[in-house]
Amino acid sequence: MHKLFGDKTTRVNIDAPVTVWSIVFLAVLAPAIFILQPGYVQGLVAYVGFTEEQGGQIVSAEMFGLATMAILLGFIVERFNWRLLSFIFILIFLLGNVMSLGEDSFEALRATRYFAGLGSGGLMSITFTMMGLTTRTNRNMALIIGSVLVYSALGLFVMPTLYHTFGMDGFLFFLVAFSIAGLFFVNKLPCYGPVNTNKTNTVSPLSIPSRLALLAGVLAFNVAIGSIWVYIFLVGVNADIAEQSVANALTASQLTGIVGALSVVVFEERFGRRLPLMIGILGSAASIGMILGQPSFLLYVIGVCLFTLLWNITLPYILATLAFFDASGKLVVQGISMQTIGFAVGPTLAARLLGVGDHDTVNQVAIALFVGAALLFFLVLGTRRAEQR
């Protein structure tokens, strides 16, 4: 047991390339379903026979599992061996995918995906925690985001062919194999790690109302993301765009997302935080406005590419804003909890809205959430800016 998982005496250079890339690999495995959600929901509807509402509820169950474990891990991550935790989370995700094989019962599949989400959420949180301790944090976070988007681009491109050839089980077998591969990277991870507390604040603490407003903005932004992302494939299909063409458009959008993530590394704080946030959030609303109604293929491509570009620019700035106002990191942890809750609530909200409307209804509500999030960030950042003059 000690040889595999190590203990508090085991020393690991967290900046070593083999450790960094092991963390990156597992950080891609963690959201393996979420990042391919549009294609997965399309498969549930077209190849398993669920309704669009049921497909949304199934992935929402997985996101609630992800949120549950992500929140719980915030209380226990410093107390247990990280290698052991990672091993357990991978096994949970692996078992959840095995139990999902051949399952066509709505209630049973919803339960197995919730279980898989527990592993996914735990692995996602612990990999970001480990990467946050590396020296070149910005670069290494960009490696995670870029690798996730490359995986997403390739996955969304091949999913229609995979479904046509092997059905839904073909995709689940891939996730099983991906999970097994992840087990071989566990012994390269650090076993424990102190939280980096060297950072000091140069600004006064946020008031409780301002803190709550920021967290509400994070929640609104991610509920909007979650509600849009789950059905964005079906929006294209329902606009009479061919399935593979939709997949190609979403693949292209992931490539633009890589550009967005890397641009944050290049520009960092050159334009401050408020301006990039306003452009990113309100631009996201505008991009979704492009795919309302019956968009042409060209308009659909532009809309989804702009949406993914701005999403991956905005998210790092949101986390940086939270970190700026709280050197202890507690506000960041709370923000990540709001993000995972948003990813869980978004698909549920979208599925409910489809019951009384259509995809335009879902996207219009998401646009309103984006505007609300932008307003909250603008008010808090504007107030703090005035205070510091």
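The analysis underlying the following values was restricted to heavy atoms, covering all of them including side chains, and did not include hydrogens, waters or symmetry mates.
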To the nearest 0.5 Å, what is the distance between CG on Leu36 and CD on Gln254? 8.5 Å
Gln244 side-chain N/O to Phe157 backbone N/O, donor-acceptor pair under 3.5 Å: yes
Shortest non-hydrogen separation from Gln57 to Ala351 and the atoms involved: CG-CB, 4.0 Å
Ring centers of Trp311, Phe307 separated by less than 6.0 Å: yes
Any chance you could measure Ser284, atom OG, to Leu306, atom CG, to the nearest 0.5 Å? 7.5 Å
Tell me whether Met290 is reachable from Trp229 by hopping between hydrophobic residues (I, L, V, M, F, W, Y) whose side-chain heavy atoms are closer than 4.5 Å. yes
Hey, does the side chain of Arg113 reach the backbone of Val59 with a donor-acceptor pair shorter than 3.5 angstrom? no
Grab the two heavy atoms, one from Asp104 and one from Phe50, that are nearest each other, plus how far apart they are. O-CZ, 3.5 Å
So which of Leu95, Leu94, Leu123 actually passes side-chain contact (heavy atoms from CB on, under 4.5 Å) with Ser179? Leu94
I'd like to check Asn363 versus Val235 (side-chain heavy atoms, cut-off strictly below 4.5 Å). Are they in contact? yes
Separation of Glu53 CD from Leu353 CG (nearest 0.5 Å): 10.5 Å
For Gln294 and Asp240, work out which heavy atoms get closest and say how close. NE2-OD2, 4.0 Å
Close side-chain approach of Trp82 and Ile126, heavy atoms under 4.5 Å: yes
Any side-chain donor near an acceptor of the partner, Asn248 and Thr251, under 3.5 Å: no
State yes or no: do Ile88 and Phe185 share one hydrophobic cluster built from I, L, V, M, F, W and Y residues joined by side-chain heavy-atom distances below 4.5 Å, directly or via other members? yes
Any donor-acceptor N/O pair, Ser60 side chain to Gly56 backbone, under 3.5 Å: no
Treat each ILVMFWY residue as a node, draw an edge where side-chain heavy atoms are under 4.5 Å apart, and state whether Val18 and Ile90 are in one component. no
Roughly how far, to the nearest 0.5 Å, is CG of Leu214 from CD1 of Ile318? 9.5 Å
Is there a side chain to side chain contact (heavy atoms under 4.5 Å, CB included) between Leu183 and Phe87 once you walk through the steps? CA-CA 6 Å; Leu183 295 172; Phe87 186 81; 3.7 Å; yes
Treating Thr256 as the side-chain partner and Cys305 as the backbone partner, does any N or O pair qualify as donor plus acceptor under 3.5 Å? yes
Grouping I, L, V, M, F, W and Y whenever their side-chain heavy atoms are under 4.5 Å apart, do Tyr317 and Phe378 come out in a common cluster? yes
With heavy-atom distances below 4.5 Å as the criterion, would you say the side chains of Met338 and Ile341 are in contact? yes
Can you check whether Ala116's main-chain N or O pairs, donor with acceptor, with Ser120's side chain at less than 3.5 Å? no
Start with the C-alpha gap between Val345 and Phe64, add the side-chain angles, then the distance that decides, and say whether side chain to side chain contact (heavy atoms under 4.5 Å, CB included) holds. CA-CA 8 Å; Val345 171; Phe64 272 110; 4.3 Å; yes
Leu292 backbone acceptor or donor facing Asp360 side chain under 3.5 Å: no
How many angstroms lie between CG in Leu156 and CZ in Phe233, if you round to the nearest 0.5 Å? 7.5 Å
Would Leu277 and Thr314 count as a side chain to side chain contact (heavy atoms under 4.5 Å, CB included) here? Give the steps. CA-CA 6 Å; Leu277 281 173; Thr314 306; 4.0 Å; yes
May I ask you to decide if Met124's main-chain N or O and Thr127's side chain share a donor-acceptor pair within less than 3.5 Å? yes
Residues that Tyr231 engages under ring-ring contact (aromatic ring centres under 6.0 Å, His included), provided they are two or more places apart: His359
Would you say Asn222's side chain and Ile225's backbone share a donor-acceptor pair under 3.5 angstrom? no
I want to know whether Phe34 and Phe343 have ring centres closer than 6.0 Å. yes
Is there a path of hydrophobic side-chain contacts, each under 4.5 Å between heavy atoms of I, L, V, M, F, W or Y residues, that connects Val158 with Val176? no
Given side chains that start at C-beta, do those of Phe370 and Leu282 come closer than 4.5 Å, heavy atoms only? no
Rounded to the nearest 0.5 Å, how far does CD1 of Ile291 lie from CD1 of Ile232? 4.5 Å
Which heavy atom of Val230 sits nearest to which heavy atom of Ala350, and what is that distance? CG1-CB, 4.1 Å
Any donor and acceptor pair, going by atom type alone, linking the side chain of Thr361 with main-chain N or O of Asp358 inside 3.5 Å? yes
Do Met159 and Leu250 come within less than 4.5 Å of each other through their side chains, counting heavy atoms only? no
Under 4.5 Å between any side-chain heavy atoms of Val218 and Phe377, yes or no? yes
Given a cutoff of under 4.5 Å between side-chain heavy atoms of I, L, V, M, F, W and Y, with clusters grown through shared members, what are the other residues clustered with Leu376? none
For Ala61 and Arg110, which heavy atoms make the closest approach, and how far apart are they? CB-CG, 3.2 Å
State, with a plain yes or no, whether a side-chain heavy atom of Tyr163 is found less than 4.5 Å away from one of Val48. no
So, Tyr151 versus Phe178, ring centres under 6.0 angstrom or not? yes
Apply side chain to side chain contact (heavy atoms under 4.5 Å, CB included) to Tyr40 and Leu175, showing your working. CA-CA 12 Å; Tyr40 181 54; Leu175 292 177; over 6 Å; no
Side chain to side chain donor-acceptor pair (under 3.5 Å) partners for Thr308, two or more places apart: Ser253
Leu66 vs Glu62 side-chain heavy atoms within contact, under 4.5 Å: no
Write down the atom of Thr112, the atom of Ser100, and the distance for their closest heavy-atom approach. OG1-OG, 3.0 Å
